[in-house]
Amino acid sequence: MNKRIAIVGASGVLGQELLSLSSQFSYAIRSIIRNEDKKHLVEPLSQDVWIGDANHPEELTGCFEGIDTVISTVGKSISLFVREPQTFAEIDYQANLNLLQEAQRAGVKHFMYVSIFASETSPKLRQGWMQEKFSQELIRSGLPYTIIKPVGLFSGLNDLVTMGKSGLLLTPGDGSPKTNPIHQRDLAQFCWEHLSDANTVLEVGGPEIHSRQEVAELVCQMTKCRFNLNVPLFVVKPGLKVVRLLDKNIHDKLSFFTYITTHDMVAPVYGQRKYETYLREEENLT
């Protein structure tokens, strides 16, 4: 019998890539999405679709019946331009915990979770820490697990493109820290390749290592941004304190963004797709 896989968050950027590449295998796929209006994004590739919000456990009852492996891509958007009322604690931790508990109830044999590189850094960085908190719950659960920790997706840098098109791109710090983000399709391929790796945590990045300044310069080149500026940390840190008083969600996103842009974020290299090529393709689509 073919292995039965549930992809949670199948209508998202990574979820759609996982679905697209699933045709390479003989898996039976169930797509689990939050909203009915996203159904058209998964139906061409998955006839088995479950509508349910992971923040509401009652909507998950039965969603993993007959499933062998769950792949969760559930996480709060990191974009500053996407407004969600839920916190990182509610989505990255509690929603995934609800999924894990339903998986245990249904007798699922394996749970793959896509987290983020450096999630263990500090409880003050809520985005990463809530993912790390769930990862530890998963490890303690007794259910065979695979935790994937990408440096970041190319699509996760789209806020830089939005800023570049506005004419002003700001980078915290001096731009010297290194990073190797990965294309979402390469990450999806990596997930499928490691689907059978149980009880392991895998870090992964893309094929090219850039400084943050080089990333900003590539974005400016593609968007014809007029001003590409570095913001000193002695300006950023007091600014974050003010933002925290006004909007906790934005503060949490900016805090993690500031951390990753001012520290080296380099994971083992994987894939072939380059960031510059991704930017050119995105520009051709807009």
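These figures come from a predicted structure and were not determined experimentally.
At least one donor-acceptor pair closer than 3.5 Å links the side chain of Thr73 to the backbone N or O of Val8. For Lys76 (side chain) and Glu84 (main-chain N/O), a donor-acceptor pair under 3.5 Å exists by modelled atom type. Remark: the backbone N or O of Leu153 is not paired with any side-chain donor or acceptor of Gln184 at under 3.5 angstrom. When atom types are taken as modelled, the side chain of His183 and the backbone of Ser155 share no donor-acceptor pair closer than 3.5 angstrom. A donor-acceptor contact shorter than 3.5 Å is absent between the side chain of Asn180 and the backbone of Glu208. Between the side chain of Ser255 and the backbone N or O of Asp252 there is no donor-acceptor pair closer than 3.5 Å. Under the 3.5 Å distance criterion, the side-chain polar atoms of Thr258 are matched with a main-chain donor or acceptor of Leu254. When atom types are taken as modelled, the side chain of Gln131 and the backbone of Gly128 share no donor-acceptor pair closer than 3.5 angstrom. The closest donor-acceptor contact from the side chain of Ser166 to the backbone of Met163 lies under 3.5 Å. A donor-acceptor pair under 3.5 Å is absent between the side-chain atoms of Arg34 and the main chain of Ala54, judged by distance alone.
In the hydrophobic cluster analysis, where Ile, Leu, Val, Met, Phe, Trp and Tyr join through side-chain heavy atoms closer than 4.5 angstrom, Val114 is grouped together with Ile33. Under the 4.5 Å side-chain contact rule for hydrophobic residues, Leu187 and Phe25 share a cluster. Placement of Leu14 and Val70 in two distinct hydrophobic clusters is found when ILVMFWY residues are connected by side-chain heavy-atom separations under 4.5 Å, directly or transitively. With hydrophobic clusters built from ILVMFWY side chains whose heavy atoms lie under 4.5 angstrom apart, Val236 does not share a cluster with Phe256. Residue Val266 is not grouped with residue Ile260 when hydrophobic side chains (ILVMFWY) are merged at heavy-atom distances under 4.5 angstrom, including chains of intermediate members.
Contact check on Glu120 versus Lys149 returns a salt bridge, with a Lys/Arg side-chain nitrogen under 4.0 Å from an Asp/Glu carboxylate oxygen. Between Lys253 and Asp247 there is no salt bridge, since no side-chain nitrogen of the basic residue lies less than 4.0 Å from a carboxylate oxygen of the acidic one. Salt bridge annotation for Asp264-Lys178: absent, with no cationic side-chain nitrogen under 4.0 angstrom from a carboxylate oxygen. No salt bridge links Glu65 with Arg4; every basic N to acidic carboxylate O contact stays at or beyond 4.0 Å. Salt bridge status for Lys133 with Glu137: absent, with no side-chain N to carboxylate O gap under 4.0 Å. For Asp68 and Lys3, the salt-bridge test fails: no basic side-chain N is under 4.0 Å from an acidic carboxylate O.
At least one side-chain heavy atom of Ile71 sits less than 4.5 Å from a side-chain heavy atom of Leu195. For the pair His263 and Pro177, the minimum side-chain heavy-atom distance is 4.5 Å or more. Using a 4.5 Å cut-off on side-chain heavy atoms (C-beta onward), Leu160 and Thr162 make no contact. You'll find the side chain of Thr262 reaches within 4.5 Å of the side chain of Leu233, heavy atoms only. Using a 4.5 Å cut-off on side-chain heavy atoms (C-beta onward), Ile67 and Ile5 make no contact. With a 4.5 Å cut-off on side-chain heavy atoms, Leu99 and Val74 count as touching. Counting only heavy atoms from C-beta outward, the side chains of Lys109 and Thr69 never approach each other to under 4.5 Å. The side-chain heavy atoms of Tyr275 and Val219, taken from C-beta on, include a pair separated by under 4.5 Å.
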Could you give me the CA-CA distance, side-chain angles and deciding distance for Trp192 and Leu21, then say whether side-chain contact (heavy atoms from CB on, under 4.5 Å) is met? CA-CA 8 Å; Trp192 286 124; Leu21 293 177; 3.8 Å; yes

Mind running ring-ring contact (aromatic ring centres under 6.0 Å, His included) on Trp129 and Phe88 for me, showing each step along the way? CA-CA 9 Å; Trp129 192 254; Phe88 285 110; over 10 Å; no

Let me see the working for Leu279 and Glu282 under side-chain contact (heavy atoms from CB on, under 4.5 Å), right down to the final yes or no. CA-CA 5 Å; Leu279 286 174; Glu282 288 296 296; 5.7 Å; no

Pair Arg185-Ser20, side chain to side chain donor-acceptor pair (under 3.5 Å): steps then yes or no: CA-CA 9 Å; Arg185 175 154 288 227; Ser20 178; 2.6 Å; yes

Assess whether ring-ring contact (aromatic ring centres under 6.0 Å, His included) is satisfied between Phe154 and Tyr278, documenting all intermediate values. CA-CA 7 Å; Phe154 286 175; Tyr278 169 78; 5.4 Å; yes

Evaluation steps, side chain to side chain donor-acceptor pair (under 3.5 Å), between Asn249 and Gln86: CA-CA 8 Å; Asn249 269 332; Gln86 297 97 335; over 6 Å; no

Kindly determine whether Gln104 and Ser141 satisfy side-chain contact (heavy atoms from CB on, under 4.5 Å), including the steps that lead there. CA-CA 9 Å; Gln104 291 175 305; Ser141 71; 3.5 Å; yes

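The closest side-chain donor-acceptor pair between Glu203 and Tyr270, if any, does not fall under 3.5 angstrom. Of the N and O atoms on the side chains of Ser79 and Asp159, at least one donor lies less than 3.5 Å from an acceptor on the other residue. Side-chain N/O atoms of Gln213 and Asn230 include a donor and acceptor closer than 3.5 Å. No side-chain N or O of Asp197 forms a donor-acceptor pair with one of Thr146 less than 3.5 Å apart. In this model, no donor atom of one side chain and acceptor atom of the other lie less than 3.5 Å apart for Gln221 and Glu217. For the residue pair Asp48 and Ser46, no side-chain donor N or O sits within less than 3.5 Å of a side-chain acceptor on the partner. For the residue pair Arg83 and Ser77, no side-chain donor N or O sits within less than 3.5 Å of a side-chain acceptor on the partner. Between the side chains of Asn98 and Glu102, no donor-acceptor pair of N or O atoms lies under 3.5 Å.
For the atom pair Arg280 CZ and Leu218 CG, the distance stands at 8.5 Å (nearest 0.5 Å). Between the CG atom of Asp92 and the OG1 atom of Thr87 there is a distance of 8.5 Å, given to the nearest 0.5 Å. The OG atom of Ser31 sits 13.5 Å away from atom NZ of Lys38, with the distance rounded to the nearest 0.5 Å.
Using a 4.5 Å cut-off between side-chain heavy atoms of Ile, Leu, Val, Met, Phe, Trp and Tyr, Val269 forms no hydrophobic cluster with any other residue.
For the pair Ala216 and Leu169, the tightest heavy-atom approach, listed with the atom from each and the gap, is O-CD2, 3.5 Å. Taking every heavy atom of both residues into account, Cys220 and Asn228 meet most closely at SG-CB, 3.5 Å. Residues Ile91 and Gly75 come closest through the heavy atom pair CG2-C, 3.6 Å. Phe64 and Val108 make their closest contact through CB-CG2, 3.8 Å (heavy atoms, listed as atom of the first residue, atom of the second, distance). Taking each heavy atom of Ser72 and Asn96 in turn, the nearest pair found is OG-OD1, 2.5 Å. Pairing each heavy atom of Ile78 with each of Gly156, the nearest pair is CD1-O, 3.8 Å.
Residue Arg105 places its CZ atom among more than 12 non-hydrogen atoms of other residues, nucleotides or ligands, all under 6.0 Å distant. Under a cut-off of 6.0 angstrom, the local environment of NZ in Lys248 is crowded, with over 12 non-hydrogen atoms contributed by other residues, nucleotides or ligands.
The aromatic rings of His194 and Phe190 lie tilted to each other, with the angle between the two planes from 30° to 60°. Taking the six-membered ring for Trp and thresholds of 30 and 60 degrees, Phe134 and Tyr113 have ring planes more than 60 degrees apart, a perpendicular arrangement.
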